[in-house]
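Notes follow once the structure below has been shown.
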Amino acid sequence: MCLAVVAQLKEIKENIAVADFGGLTQEIRLDLIEEPKVDDWVLVHTGFAIQRIDEKEALEMIKIMNEIAEINEAA
């Protein structure tokens, strides 16, 4: 099973970006995304942005992941 994580691009230097994963930042590659911009929301898999998503979809995915985390913590 593969998992992609939602992140927001904060800085871009050539094909590398600093991505914000809900407070945790990490450098990721942008080779697979056309014309990335600061503040874009992306799905990240194995250190690569693989797809741009809109803000509404990103926030919904973050909400669902937080709900799952809460369920796991309660178990």
Side-chain angles (χ1 to χ4, degrees):
M1 179 168 92
C2 296
L3 176 67
V5 182
V6 177
Q8 188 174 33
L9 304 180
K10 294 300 182 181
E11 297 176 32
I12 297 175
K13 301 171 198 163
E14 297 182 20
N15 278 348
I16 298 175
V18 174
D20 181 354
F21 296 84
L24 173 70
T25 58
Q26 181 177 338
E27 287 189 347
I28 62 169
R29 299 289 307 189
L30 299 172
D31 304 285
L32 305 174
I33 302 290
E34 291 185 24
E35 299 180 26
K37 298 175 190 73
V38 170
D39 292 328
D40 279 353
W41 289 93
V42 294
L43 293 177
V44 180
H45 177 65
T46 64
F48 285 84
I50 59 171
Q51 181 178 341
R52 184 181 290 119
I53 58 175
D54 66 41
E55 184 175 25
K56 180 180 176 184
E57 184 177 8
L59 296 176
E60 181 64 25
M61 292 174 89
I62 291 169
K63 178 183 170 200
I64 291 168
M65 292 298 288
N66 288 336
E67 289 173 358
I68 291 169
E70 288 175 15
I71 290 168
N72 285 335
E73 288 175 7

Hey, what do you get for CG (L30) to NZ (K37), rounding to the nearest 0.5 Å? 12.0 Å
By the definition side-chain contact (heavy atoms from CB on, under 4.5 Å), identify the one residue from T25, V18, D39 that meets it with Q8. D39
Between atom CZ of R29 and atom CD of E14, what is the distance when rounded to the nearest 0.5 Å? 9.0 Å
Shared hydrophobic cluster, L32 / V42 (ILVMFWY, side-chain heavy atoms < 4.5 Å): no
With sequence neighbours left out, write down each residue that passes side-chain contact (heavy atoms from CB on, under 4.5 Å) with I53, or none if nothing qualifies. V6, W41, L43, Q51, E57, A58, M61
Quick one: do V38 and E11 satisfy side chain to side chain contact (heavy atoms under 4.5 Å, CB included)? Show the steps, please. CA-CA 6 Å; V38 170; E11 297 176 32; 5.7 Å; no
Value for CG (D31) from CD1 (I50), rounded to nearest 0.5 Å, stands at 13.5 Å
Compare every heavy atom of R52 with every heavy atom of E34, then report the nearest pair and how far apart it is. O-NH2, 2.6 Å
I16 CD1 to L9 CG distance, which is reported to the nearest 0.5 Å: 13.0 Å
Nearest 0.5 Å, what's the CD1-CD distance between I12 and E35? 11.0 Å
Report yes or no: does H45 contribute a side-chain atom to a donor-acceptor pair with the main-chain N or O of V5 at less than 3.5 Å? no
How far apart are the C-alpha atoms of K63 and L59, what are their side-chain angles, what is the distance that settles it, and do they pass the side chain to side chain contact (heavy atoms under 4.5 Å, CB included) test? CA-CA 6 Å; K63 178 183 170 200; L59 296 176; over 6 Å; no
Looking at CD1 of I62 and CE of M65, how far apart are the two atoms once the value is rounded to the nearest 0.5 Å? 10.0 Å
